[in-house]
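Read through the structure below, which is laid out as structure tokens, and then see the notes.
Just so it is clear, the model here is predicted, and its values are computed rather than measured. Naming convention: chains lettered A, B, ... in sequence-line order (proteins, then strands); numbering from 1 in each chain.
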Number of protein chains: 2
Amino acid sequence: MDNPLKSQPYVPINGDDYDNSSLAQRVAEQLRNLIMEGTLAPDSQLPNEPDLSTFLRVSRSTVRSGLTILEQAGFIQRRWGVGTFISKNPPTYNNLNINSGVTQLIRSSGAEPGFVEFLISARPASEHIAGRLSLEPGDEVVALERVRTANDRRVVFSLDYIPKALFRDQGAEIPLTEVENYLVEHQSMYTFFRERLGMEIHHGIARIRPLAAEAYMAEKLAIPYGSSILNIEQVDIGNDGEPLALSDEYYVADAFTFYSYRSN
Amino acid sequence: MDNPLKSQPYVPINGDDYDNSSLAQRVAEQLRNLIMEGTLAPDSQLPNEPDLSTFLRVSRSTVRSGLTILEQAGFIQRRWGVGTFISKNPPTYNNLNINSGVTQLIRSSGAEPGFVEFLISARPASEHIAGRLSLEPGDEVVALERVRTANDRRVVFSLDYIPKALFRDQGAEIPLTEVENYLVEHQSMYTFFRERLGMEIHHGIARIRPLAAEAYMAEKLAIPYGSSILNIEQVDIGNDGEPLALSDEYYVADAFTFYSYRSN
DNA sequence: TTGATGGAGATGTCAGACATCTATCGTCGG
DNA sequence: CCGACGATAGATGTCTGACATCTCCATCAA
């Protein structure tokens with residue numbers, strides 16, 4: 001067999017790190033990674049479901065459940081009586097259906113992510129921010145202000161707001177300096193949530209708007225006044241449905257191209 | 001029972017009009033419509049799967065398959081051992097994950113859709129258009145140019161390109177005047193595809209870009225020069241994976257707000 | 001040459017059983 | 001009185017095996 005799956009080492013999907021998600025979700029995640037890494041080529045055919053079942057050591061119904069997830073997300077296409085195929089243009093990290101962070105987005109474009117003008121502070125939430133995060137106005141939030149760079153070019157200006165009440169480890173408050181140090185090293189807020197706070201982001205709801213750069217934004221992003229900007233304001237939701245973070249991101253128009261898979 | 005589903009008349013999902021899609025997809029579509037219409041309220045709990053199974057007259061596995069589709073699309077949320085719930089903020093027609101047309105988008109916002117400056121013509125495809133539609137440069141396409149209005153306000157400038165070879169009914173060419181008459185009456189390209197050409201659009205892949213209005217666009221949309229515009233260039237794909245249409249739409253910035261559900 | 005036909009192989013659907021998780025409520029001990 | 005614990009009901013998750021249906025393709029007959 002020249003099937004890519006056959007040459008992959010067997011990865012146990014019943015590991016200890018995944019206790020929170022279902023088997024089917026893990027199957028989907030595993031196959032999705034193989035697609036996004038390019039191991040499974042676009043337009044190629046997957047093994048049939050019984051073979052996938054034995055390979056992944058789960059039942060056929062679980063395989064089918066995972067495949068349904070991938071199909072709905074646009075990664076694969078199933079043709080009754082024929083087979084299951086990787087999509088011709090499967091989603092990538094610049095797809096709005098996938099909740100990837102700026103760091104991953106930059107890295108997947110082949111550039112080196114970085115940042116300048118990093119600011120972190122605690123402040124009372126404005127009415128707008130409190131509304132998005134289901135807080136009371138005045139509740140404290142931790143605010144991050146960053147200018148993100150790709151190969152040292154300024155491409156994104158991002159504002160992140162996280163309820164201060166979340167920064168706790170067994171009751172003890174986590175100092176902002178620790179958060180700062182973590183972000184300087186890892187750059188990703190998402191991994192901090194998972195590894196340090198033990199919280200999983202389930203999904204995000206993003207609002208997309210076109211903007212023209214006013215003076216402040218033009219200076220931050222080093223672009224001419226009036227340049228086009230894509231604004232994505234996103235609320236990240238946890239497993240229990242509660243808002244975990246609000247991120248307000250401003251993308252230089254020609255730095256990235258965003259796509260969306262729209263199902264009928 | 002005060003369950004909304006119980007008071008719904010039974011809708012046979014094995015009808016003749018749906019021969020092309022699977023049972024699970026029809027289940028998902030039916031429940032999705034109930035959610036988007038507001039019959040099933042946000043945050044409310046669905047009946048359990050065995051009850052849904054008997055109500056919809058399909059097996060529990062088919063119900064589960066349909067629910068998986070809805071879950072992945074952000075309409076519902078399942079909690080193991082607890083139940084299935086309508087999402088707090090389920091997707092609406094202004095969601096980029098859903099392939100709704102401009103007409104439906106305007107109507108769902110509570111406004112009356114219309115258009116001015118309607119143009120239809122056949123012309124050879126440019127290199128760009130041919131590439132998107134998997135044609136050879138020079139192949140004929142039907143081009144639609146429309147300024148769409150919401151309550152008589154100009155909100156979208158849209159360009160649609162469809163391979164001329166698709167406009168056939170049992171071998172006979174469909175005259176452009178008929179297409180024109182249909183669009184004047186129904187305004188929707190999607191229904192024309194389904195009802196007149198017998199073709200189903202399976203999904204679309206959209207590219208989202210922020211723009212500043214240059215002179216031509218500013219005139220068409222009656223907005224100041226340099227105003228922000230959201231450009232969505234979308235390729236609609238049929239059930240067999242072939243491109244059916246290319247639509248290039250320019251949205252006045254403050255006319256609509258687009259959202260996207262981003263799953264992790 | 002062409003149309004019908006049948007088989008192989010794939011996904012789709014069904015049925016029933018069991019596994020596992022969650023919330024709740026009672027019981028028991030402090 | 002109150003908290004910890006366990007039983008239990010009820011929900012979703014997983015497994016198994018069977019059958020249905022669709023597609024493609026090779027074969028065969030007109």
Considering only nitrogen or oxygen atoms on both sides, find all protein atoms under 3.5 Å from nucleotides 12-16 of chain C and state each distance.
residue, atom, partner, partner atom, Å
dG12(C), OP2, Arg64(A), NH1, 2.7
dG12(C), OP2, Arg64(A), NH2, 3.1
dG12(C), O4', Trp80(A), NE1, 3.3
dG12(C), N7, Arg60(A), NH2, 2.9
dG12(C), O6, Arg60(A), NH1, 3.2
dT13(C), OP1, Leu23(B), N, 2.3
dT13(C), OP1, Ala24(B), N, 3.4
dC14(C), OP2, Ser59(B), N, 3.0
dC14(C), OP2, Ser59(B), OG, 3.0
dC14(C), OP2, Thr62(B), OG1, 2.4

Knowing that exactly one of Tyr190(A), Phe192(A), Phe167(A) qualifies, which makes a ring pair (Phe, Tyr, Trp, His ring centres under 6.0 Å) with Tyr182(A)?
-> Phe192(A)
Validation row: Ser263(B), Gln72(B) side chains within 4.5 angstrom (heavy atoms) | yes
For atom CG of Leu56(A) and atom C1' of dC15(D), their distance in whole Å | 15 Å
Mind calculating the distance between CG (Asn48(A)) and C1' (dC24(D)) to the nearest angstrom?
-> 15 Å
Any side-chain heavy atom of Ile232(A) within less than 4.5 Å of one from Leu96(A)?
-> yes
Smallest separation among heavy atoms of Ile98(B) and Pro91(B), with atom names | CD1-CB, 3.9 Å
Whole-Å distance, Ile76(B) CD1 to dG13(D) C1', equals 14 Å
Are side-chain N/O atoms of Thr68(A) and Arg78(A) paired as donor and acceptor at under 3.5 Å?
-> yes
Can you check the Gln77(B) CD to dA11(D) C1' distance for me, whole Å?
-> 15 Å
Donor on one side chain, acceptor on other, Gln77(A) and His203(B), under 3.5 Å | no
For Glu136(A), does the CD atom sit with more than 12 other heavy atoms under 6.0 Å from it, leaving out its own atoms?
-> no
Terminal axis angle for the helix from dT1(C)-dA30(D) to dG30(C)-dC1(D), five pairs an end, nearest 10 degrees | 0°
Heavy-atom side-chain contact between Asn264(B) and Asp236(A) under 4.5 Å = no
Please report, rounded to the nearest Å, how far the C1' atom of dG10(D) is from the CZ atom of Phe85(B).
-> 12 Å
